[in-house]
There are 2 protein chains.
Amino acid sequence: MTAPTGVPADPQSPDAGPRRRAGRPAAAVLGQDGITTAALQLIGRSGYDGFTMAALARTLNVAPSALYNHVSSKRDVLVLVQDHLTSFVDVAGFETGPWEQAVRDWAWSYRDVFSKHTPLIPVIAVLPVTDAPKTLAMYEAVSAGFGRAGFPQERIIPAIVALESFIFGSAYDVTAPADIFDSGSMAAATPHFTSAVRRLAENVDEKPADVAFSLGLEALLAGLGALRSA
Amino acid sequence: MTAPTGVPADPQSPDAGPRRRAGRPAAAVLGQDGITTAALQLIGRSGYDGFTMAALARTLNVAPSALYNHVSSKRDVLVLVQDHLTSFVDVAGFETGPWEQAVRDWAWSYRDVFSKHTPLIPVIAVLPVTDAPKTLAMYEAVSAGFGRAGFPQERIIPAIVALESFIFGSAYDVTAPADIFDSGSMAAATPHFTSAVRRLAENVDEKPADVAFSLGLEALLAGLGALRSA
DNA sequence: CCACTAAATGAATGACGTTCATTTAGAATG
DNA sequence: CATTCTAAATGAACGTCATTCATTTAGTGG
């Protein structure tokens, strides 16, 4: 219905760079790879609040609707980002070193990566591995390590899932405000809790989230390690 | 600007019940308690997708904007719901029974409650306890139990946080699709993982999420329990 | 009796994700 | 070289939400 103008006027504000005309450009918007890295940049710059399809399109000098030629939903973009981030998780230890240290390195790096991306956790946690090849590769490396370490086959997946659950929950913990346990005016009514919190606050050297993560991880390592036969 | 009619015509569709007139009714919209239980009902009926401020208002026979007299944001409602749900978590064991069984009961019930409310987890995980009195009460009961069981004061909060992290992550796991680990066409490229998954699938008696949760919880119980002095 | 105030209204706003008809211009085909 | 095919981009709608605001209403307390 709208009168086509052949060369549409650029409606962008003057600060925006020159916008590509319609038609097939040199290499599209760079496809899913380009979208993924652009999304990662945008998230790094503006956080997940500023991460909007419109903002992502602006980053790529493209109209928002153009994104839907390469991706079928915003959730799709999040999945791409998630899978990309997984390649930063350290699984090297599983090929060489002892099981315990391998799990330690893996778990810490896994937590660190996603503590900066907690909005992805609800997505990852229920995502079929088919939709995330790099994540699948990570599972393969970890599974192989568990097998080599002498885990019975039927315990490998449950053990990994248990560790992952702990990791995801702990990633949230990293982002919690420092005063999350400050009971404020209710302190008198909660003596045991309040005194325990005070003791925790006395330790100024280590971050509370790291203390809790270390404690839980070492407990899991000891408990799960006992399942090995070798 | 709009001409006031004194008695405004009810613009609702015929299926809606009689709408209250403006002004101060008998007991408001029931205040925060009423909103909380209405929200819980609505979520139970329509899930978190259907849980919208408009839908919540309709449940209460009220205009959406009226909710903002009692609550300052949708997130506020979620916090109210979260705190209410916490009262369903079982902490009875901490007052009577042995520590291990108390933690078991607590952890399982905690996971079960929030596995049906995973959209609340990002909210809970970073929520200051001041904003959630019932949650604070739960922490008090748990802290007291840990103290009685002989935990050193400075380890109580980290231990609870570690357990909670594991619980939150595991709550997501409960909602994961059954085929989440089906590697599909990539099966050949991931032999270790694929064979481990196959072994898991052979167990038809127990749900995978329960196996993983039990495994991780028992490991944590053993590992953390060793911290007790008594 | 009157001023005060809690509470409800409904219209308006501003994001945001997503859809769709249409256009464009390389690539492929003959 | 002409024609057809098609991936990719456009911009104008939508529809859905949360949230705000000026205004009205009706108990309550002085």
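Below, read A as the first sequence line, B as the second, and so on, with proteins coming before strands; counting in each chain starts at 1.
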J.: Between dC16(C) atom P and Leu78(A) atom CG, what is the distance in whole Å?
T.: 14 Å
J.: So, OP1 or OP2 of dA9(D): does either fall under 4.0 Å of a side-chain N or O from His70(A)?
T.: yes
J.: So, Ser115(B) side chain and Asp112(B) main chain: donor-acceptor pair closer than 3.5 Å or not?
T.: yes
J.: Of all the choices, dT10(D), dT9(C), dT19(C), which nucleotide is nearest to the side chain of Tyr68(A) once you look at every atom?
T.: dT19(C)
J.: Output the rounded distance in Å from OH (Tyr48(A)) to P (dG17(C)).
T.: 14 Å
J.: Can a side chain N or O of Thr52(A) be found less than 4.0 Å away from OP1 or OP2 on dG17(C)?
T.: yes
J.: Can you check the Leu67(B) CG to dG10(C) C1' distance for me, whole Å?
T.: 14 Å
J.: Rounded to whole angstroms, how far apart are CG on Asn61(A) and P on dA8(D)?
T.: 18 Å
J.: Measure from the side-chain heavy atoms of Lys74(B) and tell me the nearest of dT10(D), dA8(C), dA18(D).
T.: dA18(D)
J.: When you match Ser72(A) and Gly50(A) each to their closest nucleotide on DNA chain C, which lands nearer the 5' end?
T.: Gly50(A)
J.: Could you state the atom-to-atom distance from CZ of Arg58(B) to C1' of dC17(D) in whole Å?
T.: 13 Å
J.: Is a donor-acceptor pair below 3.5 Å formed from side chain Asn69(B) to base dA8(C), judging by atom type as modelled?
T.: yes
J.: Has Thr190(B) got a side-chain atom pairing as donor or acceptor with Phe193(B)'s backbone, closer than 3.5 angstrom?
T.: no
J.: What are the two closest heavy atoms between Gln82(B) and Ile124(B), and how far apart are they?
T.: CG-CG1, 3.3 Å
J.: What nucleotide among dA11(C), dT10(D), dT18(C) has an atom nearest to a side-chain atom of Pro64(A)?
T.: dT18(C)
J.: Of the nucleotides dG11(D), dT9(C), dG17(C), which one has an atom closest to the side chain of Ala63(A)?
T.: dG11(D)
J.: Start with the C-alpha gap between Asp179(A) and Thr130(B), add the side-chain angles, then the distance that decides, and say whether side-chain contact (heavy atoms from CB on, under 4.5 Å) holds.
T.: CA-CA 10 Å; Asp179(A) 64 334; Thr130(B) 312; over 6 Å; no
J.: Given atom CG of Asp76(A) and atom C1' of dT18(C), what is their separation to the nearest angstrom?
T.: 13 Å
J.: Measure across Ala212(A) and Phe166(A) and return the closest heavy-atom pair with its distance rounded to 0.1 Å.
T.: O-CZ, 4.2 Å
J.: Could you check how far CG of Leu60(A) sits from P of dA8(D), rounded to whole Å?
T.: 14 Å
J.: What nucleotide, of dA9(D), dA18(D), dT18(C), holds the atom closest to the side chain of Met53(B)?
T.: dA18(D)
